[in-house]
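Letters A, B, ... mirror the listed sequences (proteins, then strands); counts begin at 1.
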Amino acid sequence: MQLGFDSAPETARQLLGCELVHFTPEGPTGGIIVETEAYSSDDAASHTYNGQTARNAAMFKAGGHIYVYFTYGMHYCFNIVTGEEGNGQGVLIRALEPTVGIDLMRQRRAKEALTDLTSGPAKLVQALGITIAQSGLSLADAQISLKRKFTPKDIAVSPRRGIKKAVDAPLRFYVRDNPFVS
DNA sequence: AGAGCGATGGCCT
DNA sequence: GGCCATCGCTCTA
């Protein structure tokens with residue numbers, strides 16, 4: 001695919017309509033990306049705003065690596081790093097439309113409804129079986145594939161969710177009217 | 001050394 | 001819509 005992982009906002013748009021699949025011993029799981037958010041080091045809402053630390057080091061790698069972080073004492077979220085090494089920018093994957101390994105995702109989530117599987121950043125990490133141990137790996141080394149399925153006709157842009165700084169920046173992108181958007 | 005808090009989700013009303 | 005569980009990281013002292 002022709003994803004360049006150039007800048008976080010551009011990549012956040014490009015990722016919509018791409019199928020993200022994580023391959024594990026239990027089987028593949030994944031879905032089509034329908035909601036993303038962009039974060040950069042010049043952005044007060046970003047984990048990388050105050051420079052590199054042990055926690056966020058993965059986000060300072062080159063585009064195409066992944067950054068997984070732990071938050072709220074119980075949840076993990078998954079980002080695809082963008083830009084060049086040292087930039088500290090990436091795209092938070094917020095929601096997927098389930099397509100691959102739906103029964104396995106139901107087991108991991110202990111939920112039946114499709115809309116309960118991957119309709120949020122921490123939900124999709126659990127459904128796909130992504131772990132913090134994969135943070136800092138390349139997509140390929142993390143056994144994650146990306147493949148474009150379609151080009152969304154109607155991409156909506158809004159402020160990001162759940163943040164307290166830079167609350168108005170229009171850096172959330174989603175497929176309008178898709179039922180799996182969080 | 002310790003307090004404060006978070007790129008959330010689930011359950012209750 | 002609102003509340004709160006839960007804990008590692010960051011900042012301040």
Side-chain angles (χ1 to χ4, degrees), chain A residues 5 7-16 18 20 22 29 31 33-61 63-83 87-98 105-137 139 142 144 155-175 178-182:
Chain A
F5 304 115
S7 77
E10 183 180 330
T11 306
R13 269 183 189 279
Q14 290 177 353
L15 284 171
L16 297 177
C18 292
L20 176 78
H22 182 213
T29 45
I33 299 171
V34 295
E35 180 182 355
T36 59
E37 287 180 359
Y39 289 88
S40 308
S41 56
D42 59 352
D43 165 7
S46 172
H47 289 170
T48 57
Y49 184 63
N50 289 313
Q52 187 170 337
T53 66
R55 179 201 190 199
N56 65 22
M59 190 114 148
F60 285 88
K61 295 200 173 193
H65 286 76
I66 71 174
Y67 168 50
V68 183
Y69 67 88
F70 177 69
T71 192
Y72 290 110
M74 62 188 89
H75 296 304
Y76 296 91
C77 296
F78 167 73
N79 297 255
I80 295 177
V81 180
T82 61
N87 285 7
Q89 56 170 273
V91 176
L92 172 69
I93 308 302
R94 286 194 57 89
L96 307 177
E97 177 170 336
M105 293 197 287
R106 284 185 169 130
Q107 288 176 35
R108 286 176 175 153
R109 289 278 303 137
K111 298 279 184 183
E112 286 301 310
L114 283 183
T115 49
D116 287 335
L117 299 182
T118 56
S119 60
K123 294 179 192 176
L124 70 90
V125 165
Q126 186 182 23
L128 269 60
I130 293 170
T131 71
I132 192 82
Q134 291 167 284
S135 192
L137 298 180
L139 283 163
I144 292 170
I155 295 177
V157 182
S158 81
R160 294 168 294 184
R161 301 281 310 271
I163 56 172
K164 294 247 165 46
K165 298 168 185 167
V167 294
D168 294 328
L171 292 172
R172 171 173 175 252
F173 304 88
Y174 60 97
V175 177
N178 183 284
F180 299 96
V181 170
S182 68

Can you tell me if A:H75 touches the phosphate of B:dG9, counting only side-chain N or O atoms and a distance under 4.0 Å to OP1 or OP2? no
Measure from CD on A:Q126 to P on B:dG9 and round the result to the nearest Å. 10 Å
Whichever of A:Y39 and A:D116 has its nearest DNA chain B nucleotide further upstream toward 5': A:Y39
Under 4.0 Å, heavy atoms only, any strand: does A:N79 hit a base, just the sugar-phosphate, or nothing? base
Does this structure show an ion pair linking A:R160 with A:D168, if we count only N-O contacts that are shorter than 4.0 Å? no
Short side-chain N/O contact to C:dC11 OP1/OP2 from A:N50, under 4.0 Å: yes
Looking only at side-chain N and O atoms, does A:T71 come under 4.0 Å of OP1 or OP2 in B:dA7? no
Candidates C:dT10, B:dA7, C:dC11 - which lies nearest the side chain of A:M59: B:dA7
Quick one: A:Y72 OH to C:dG8 P, roughly how many Å, whole number? 17 Å
Using modelled atom types only, decide if a donor and an acceptor are shared between the side chain of A:N87 and the backbone of A:Q89 within a distance under 3.5 Å. no
Let me know the distance between CD1 of A:I163 and P of B:dG6, rounded to the nearest Å. 11 Å
Electrostatic pair A:E35:A:R172 at N-O distance under 4.0 angstrom: yes
Look at all strands and tell whether A:K165 reaches a base, only sugar-phosphate, or nothing, counting heavy atoms closer than 4.0 Å. nothing
Are the side chain of A:N56 and the backbone N or O of A:H47 linked by a donor-acceptor pair below 3.5 Å? yes
Of the listed nucleotides B:dA7, C:dA5, B:dG9, the one nearest the side chain of A:P121: B:dG9
Looking across every strand, which nucleic acid part, if any, lies under 4.0 Å from A:S182 by heavy atom: base, sugar-phosphate, or nothing? nothing
Measure the distance from OH on A:Y67 to P on B:dG6 and round it to the nearest whole Å. 14 Å
Heavy atoms only, 4.0 Å cut-off, all strands: where does A:L92 land among base, sugar-phosphate and nothing? base
G-U wobble or Watson-Crick pairing nucleotide for C:dT6 (cut-off 3.5 Å, both distances): none
In the structure shown, which nucleotide is the Watson-Crick or G-U wobble counterpart of B:dC12, with both distances under 3.5 Å? C:dG1
When rounded to whole Å, the CG to P distance for the pair A:L171 and B:dA7 reads 15 Å
Separation of A:Y49 atom OH from C:dC11 atom P, in whole Å? 12 Å
Checking contacts here: which listed nucleotide (C:dC9, B:dG6, C:dC7) is nearest the side-chain heavy atoms of A:R55? C:dC9
Out of C:dG8, B:dG6, B:dG9, minimum distance to the side chain of A:K164 belongs to B:dG6
Interatomic distance, A:I130 CD1 vs B:dA7 P [rounded to whole Å]: 19 Å
Tell me which nucleotide among C:dT10, B:dG9, B:dA7 gets nearest to the side chain of A:A122. B:dG9
Rounding to a whole Å, what distance do you find between A:E37:CD and B:dT8:P? 7 Å
Which word best sums up how the rings of A:F70 and A:Y76 line up, parallel for under 30°, tilted for 30 to 60°, or perpendicular for over 60°? tilted
Over all strands shown, is A:R109 touching base, sugar-phosphate only, or nothing at heavy-atom distances under 4.0 angstrom? sugar-phosphate
Which part of the nucleic acid, if any, lies within contact of A:R160, taking any heavy atom under 4.0 Å across all strands shown: a base, the sugar-phosphate backbone alone, or nothing? nothing
With a 3.5 Å distance limit and no angle check, can you tell me whether A:D116 reaches the backbone of A:K111 through a side-chain donor-acceptor pair? no
